[in-house]
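In each ligand, atom 1 is the first atom listed, and ligand 1 is the first ligand listed. Position 1 is the first residue of the sequence, and the numbers go up from there. Because only heavy atoms are used, hydrogens play no part in the values below, and waters and symmetry mates are left out as well, while side chains stay in.
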Amino acid sequence: AKENGRNGFAFYHQAMSLAVEKQQNMESELHQAIEEEQFCVHYQPLVSVGGEIIGFEALLRWQHPEKGLMPPAEFIPSLEVSGLIVPVSNWLLGHCSRQIVKWKETGFWQPDWYVSVNISPLQFYQADMVPTMQQAISEGGAHLTDICLEITETVAIENIEFAVNRLKVIRELGMMIALDDFGTGYSSLSYLKDLPIDIVKIDRSFVQELGQKSKSQSIVEAVTNIARAYELKVVAEGIESHDQLMLAHNIGCDIFQGFFIERPQVAEKLKRTYLTRDLS
Ligand code: C2E
Ligand code: CA
Ligand code: CA
Ligand code: CA
C-alpha cells in the first residue's frame with residue numbers, strides 16, 4: 001500500500017510539473033504572439049428586431065504559427081493567469097478603434113452602431129483601467145460612444161461597490177456597458193437594479209433551450225420583463241435557428257446574436273457579405 005501511495009504521488013507530481021511546464025510554454029508563446037501581433041479580431045453582428053445591424057461583438061483570435069486559428073477558450077485562461085490579458089485587451093481596443101475609423105471612412109458605419117468588447121476580471125480591477133482604455137480608443141481614432149464594454153455579473157459582484165463606481169465613471173465618459181452571460185453566475189435579478197448598465201445579454205444556454213424547456217423560456221421572459229422595467233436593452237445570444245429567433249423575438253428581446261444570423265468573421269469579409277435582413 002505504501003509502495004502504491006509513493007507511486008501515486010510520483011505520478012501526481014509528474015502530472016503537476018507537466019501542467020506547470022505547459023503553462024510556461026504557453027506563456028512564452030503568448031509573449032511572442034504579442035510581439036509579433038499574431039492576434040486578430042473577428043466581429044459578430046448584433047441585429048435589431050428589424051434585422052438591421054446595430055453593432056458587433058469583437059472576439060479575440062490567435063493565429064498560431066503552427067496550430068492555426070485558435071479560439072479564445074484555449075488561450076484566454078493563460079492570458080488571465082499571466083496577466084497578459086491586460087496588454088492584449090488594450091491592443092484589441094486600439095484595433096477595434098482603428099477598424100471603426102476605417103468603417104466610417106468607407107461609409108459602412110452607421111452613427112448609432114457600436115463595437116462590444118469583452119473585459120476580463122483582471123482588467124476590470126486594474127487601478128488605471130479607465131485612462132488606459134480611454135487612451136487606446138482615442139489613439140485609434142474612434143469615439144468612446146462607439147464602444148460598449150461587456151462584463152460578466154461575476155466580475156460585477158466580486159466587489160459590488162467598486163464595480164458600481166467604476167461603471168458610473170465609464171458610462172459618464174460615454175461608453176455603454178453590457179452585462180454578459182446573464183443567468184449563469186450567482187444571478188440575481190436585483191443586480192439589474194443596482195448596476196449602472198445599458199444592456200443585458202441573456203446567456204446562450206437559455207436561448208438555445210427556447211421551445212424545448214419551459215424553464216428556460218420562463219427565465220428569458222423574466223429577465224426580459226425586468227430589464228424592460230429598468231429600461232435596459234436585452235440581447236439574446238447564441239441564436240442558432242429560426243425557431244429560437246422567433247421565440248426570442250416574441251418574448252420581446254431587443255437585439256439578436258448568433259450563428260443563425262451571422263458567424264463571427266474578419267472585418268473585410270463582413271463588409272462584403274453585409275445585408276440587412278428581414279426577420280419576418
Ligand atoms: P462570449 O463573450 O459569451 O462570446 C460569445 C461566444 O459565443 C463567442 O465564442 C461566439 O463565437 C459564440 N457564439 C456566437 N453565436 C453563437 C451561436 O449561435 N452558437 C454558439 N454555440 N456559439 C455562438 P468565442 O469567440 O469562442 O469566445 C468565447 C469566449 O471567450 C467569449 O464568450 C468571451 O468570454 C471570451 N473572449 C473572446 N474574446 C475576448 C476578449 O477579447 N477578451 C476577453 N477577456 N475575453 C474574450
Ligand atoms: Ca461577450
Ligand atoms: Ca454609437
Ligand atoms: Ca456571452
Side-chain angles (χ1 to χ4, degrees), residues 30 33-34 37-47 55-64 68-97 99 114-126 129 132-133 136-137 147-156 176-185 187 197-210 220 223 233-245 247-248 253 255-266 269-270:
L30 285 167
I34 293 172
E37 282 213 42
Q38 291 169 4
F39 294 105
C40 64
V41 184
H42 285 193
Y43 296 88
Q44 186 176 33
L46 302 155
V47 306
F56 306 93
E57 178 170 1
L59 296 159
L60 189 63
R61 300 286 181 265
W62 179 10
Q63 189 64 59
H64 191 282
L69 197 66
M70 281 169 72
E74 286 178 34
F75 63 89
I76 296 248
S78 295
L79 284 178
E80 280 272 345
V81 170
S82 60
L84 292 173
I85 189 73
V86 175
V88 171
S89 277
N90 287 319
W91 170 85
L92 177 121
L93 270 172
H95 193 83
C96 290
S97 179
Q99 184 59 58
Y114 62 90
V115 169
S116 218
V117 170
N118 293 286
I119 299 299
S120 85
L122 189 74
Q123 195 185 5
F124 187 77
Y125 286 99
Q126 294 288 306
M129 179 231 192
T132 308
M133 277 193 343
I137 298 165
I147 302 288
C148 175
L149 303 183
E150 299 196 359
I151 61 160
T152 62
E153 52 191 326
T154 316
V155 170
M176 286 185 290
I177 306 287
L179 203 55
D180 202 3
D181 304 341
F182 194 78
T184 56
S187 295
I197 57 174
D198 304 278
I199 296 165
V200 180
K201 301 188 77 171
I202 302 179
D203 191 70
R204 70 164 183 260
S205 55
F206 303 106
V207 174
Q208 290 178 350
E209 285 176 357
L210 285 177
V220 177
V223 174
K233 296 262 186 243
V234 178
V235 180
E237 286 196 298
I239 294 191
E240 290 184 352
S241 71
H242 187 258
D243 272 4
Q244 288 164 7
L245 178 59
L247 289 163
C253 298
I255 301 169
F256 309 88
Q257 176 182 8
F259 293 167
F260 178 73
I261 297 157
E262 199 87 70
R263 287 197 171 250
Q265 49 196 297
V266 292
K269 201 167 164 211
L270 237 175

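Under the side chain to side chain donor-acceptor pair (under 3.5 Å) rule, S116 has a single partner from Q44, Q257, E150, which is E150.
Listed by chain and number, the protein atoms of type N/O/S under 3.0 Å from the Ca ion (ligand 2) are E57 OE2, N118 OD1, E150 OE1, D180 OD2; waters are omitted.
No donor-acceptor pair under 3.5 Å is formed between the side chain of Q123 and the backbone N or O of I119. Of the possible polar contacts, none joining the Q208 side chain to the E240 backbone as a donor-acceptor pair under 3.5 Å is found.
Here the side chains of L179 and I151 are in contact, with some heavy-atom distance below 4.5 Å. Side chains of V220 and C253 form a contact here, defined as non-hydrogen atoms less than 4.5 Å apart.
Here the CD1 atom belonging to I85 is positioned 4.5 Å from the CG atom belonging to L79, to the nearest 0.5 angstrom.
Under the rule for a ring pair (Phe, Tyr, Trp, His ring centres under 6.0 Å), the partners of Y125 that lie at least two apart in sequence or sit in another chain are F162. Under the salt bridge (charged side-chain N to carboxylate O under 4.0 Å, His left out) criterion, D198 pairs with R171, not counting sequence neighbours.
Listed by chain and number, residues touching ligand 1 at under 4.0 Å (heavy atoms only) are Q44, E57, L59, L60, R61, P72, I76, I85, L92, N118, S120, D180, D181, R204, Q208, E237, G238, I239, E240, G258, F259, P264.
Relative orientation of the F75 and F39 rings is tilted, given thresholds of 30° and 60° on the angle between their planes.
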